[in-house]
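Everything below concerns the one structure shown next.
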Amino acid sequence: QRPSIMTGIITALFALGLFNVIYAFTGATAPFGIYYPAANVFLTILMFAALAGLWSMEKWGLWLFLVFVGLKLMLDIWTHAFHYADLLLFIPAAIFLLKRKDLV
């Protein structure tokens, strides 16, 4: 059984990921380089796979999510697209780590 806090967080992250995919191609990310939107969307889609793993309560979903949060942060720092709001991804990562004993 998935804890309700994980259900809420995963749903919110999926919705924010969909927004991120749409927003990446609006031209707002153009100052960060020609390849940034594609790389950002690619990482977001891979993060959806991690969220699917977390939804089904698999441990690999947790580790995959942590890897892609780190990769997203490195991409944003490398392309000078970093914003302090990016650090908010560490909050669900910490909650998922605390709930890892519930994962199969």
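None of these values were measured; they are calculated from a predicted model.
- Note that CE of Met74 is 10.5 Å distant from CZ of Phe68, once rounded to the nearest 0.5 Å.
- Remark: of the listed residues Ile10, Leu66, Ile91, Leu103, Ile10 is the sole one forming a side chain to side chain contact (heavy atoms under 4.5 Å, CB included) with Phe96.
- Side chain of Thr29 to backbone of Phe25: no donor-acceptor contact under 3.5 angstrom is found.
- Across Gln1 and Met57, no two heavy atoms sit closer than the pair O-CE, 4.3 Å.
- Phe32 and Val41 end up in different hydrophobic clusters when Ile, Leu, Val, Met, Phe, Trp and Tyr side chains are linked at under 4.5 Å.
- Looking at Leu75 and Tyr36, their side chains come closer than 4.5 Å, going by heavy atoms from C-beta outward.
- Residues Ile45 and Trp55 do not share a hydrophobic cluster, clusters being chains of Ile/Leu/Val/Met/Phe/Trp/Tyr side chains in contact below 4.5 Å.
- A donor-acceptor contact shorter than 3.5 Å links the side chain of Asp86 to the backbone of His83.
- Checking Thr11, Ile9, Ile5 one by one against Thr7, the side chain to side chain contact (heavy atoms under 4.5 Å, CB included) holds for a single residue, Thr11.
- Within a 6.0 Å radius of CZ in Arg100, no more than 12 heavy atoms belonging to other residues, nucleotides or ligands are found.
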Step-by-step side-chain contact (heavy atoms from CB on, under 4.5 Å) determination, Leu73 to Phe90: CA-CA 10 Å; Leu73 186 63; Phe90 286 105; 3.7 Å; yes
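- In the hydrophobic clustering of ILVMFWY residues, with side-chain heavy atoms under 4.5 Å counting as a link, Val67 and Leu43 come out together.
- The minimum heavy-atom distance between Gly53 and Ser56, with the atom names listed, is O-OG, 3.2 Å.
- One finds the CG atom of Leu64 at 15.5 Å from the NZ atom of Lys59 (value rounded to the nearest 0.5 Å).
- By the 30° and 60° cut-offs, the orientation of the rings of Tyr23 relative to Phe19 is parallel.
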side-chain contact (heavy atoms from CB on, under 4.5 Å) between Phe48 and Leu51, worked out: CA-CA 5 Å; Phe48 286 159; Leu51 291 174; 4.2 Å; yes
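- The environment of CG in Leu98 is crowded: more than 12 heavy-atom neighbours from other residues, nucleotides or ligands sit within 6.0 Å.
- Atom CG of Asn40 is separated from atom CG of Asn20 by 4.5 Å, given to the nearest 0.5 angstrom.
- Between Pro37 and Ala24, the closest heavy-atom pair is CB-O, 3.4 Å.
- Note that the CZ atom of Arg2 and the CG atom of Asp102 stand 11.5 Å from one another [nearest 0.5 Å].
- More than 12 heavy atoms of other shown residues, nucleotides or ligands fall within 6.0 angstrom of atom CH2 in Trp60.
- Hydrophobic cluster membership is shared by Leu88 and Val69, with clusters built from Ile, Leu, Val, Met, Phe, Trp and Tyr side chains linked at under 4.5 angstrom.
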Please report the C-alpha distance between Leu89 and Leu13 in whole Å, then the side-chain angles of each, then the deciding distance to 0.1 Å, and finally whether the side-chain contact (heavy atoms from CB on, under 4.5 Å) criterion is met. CA-CA 9 Å; Leu89 280 175; Leu13 287 173; 3.9 Å; yes
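- Under a hydrophobic-cluster definition in which Ile, Leu, Val, Met, Phe, Trp and Tyr are linked whenever side-chain heavy atoms come within less than 4.5 Å, directly or via other members, Leu54 and Leu16 are assigned to different clusters.
- Thr44 contributes no side-chain N or O that, together with a main-chain N or O of Gly17, makes up a donor-acceptor pair within less than 3.5 Å.
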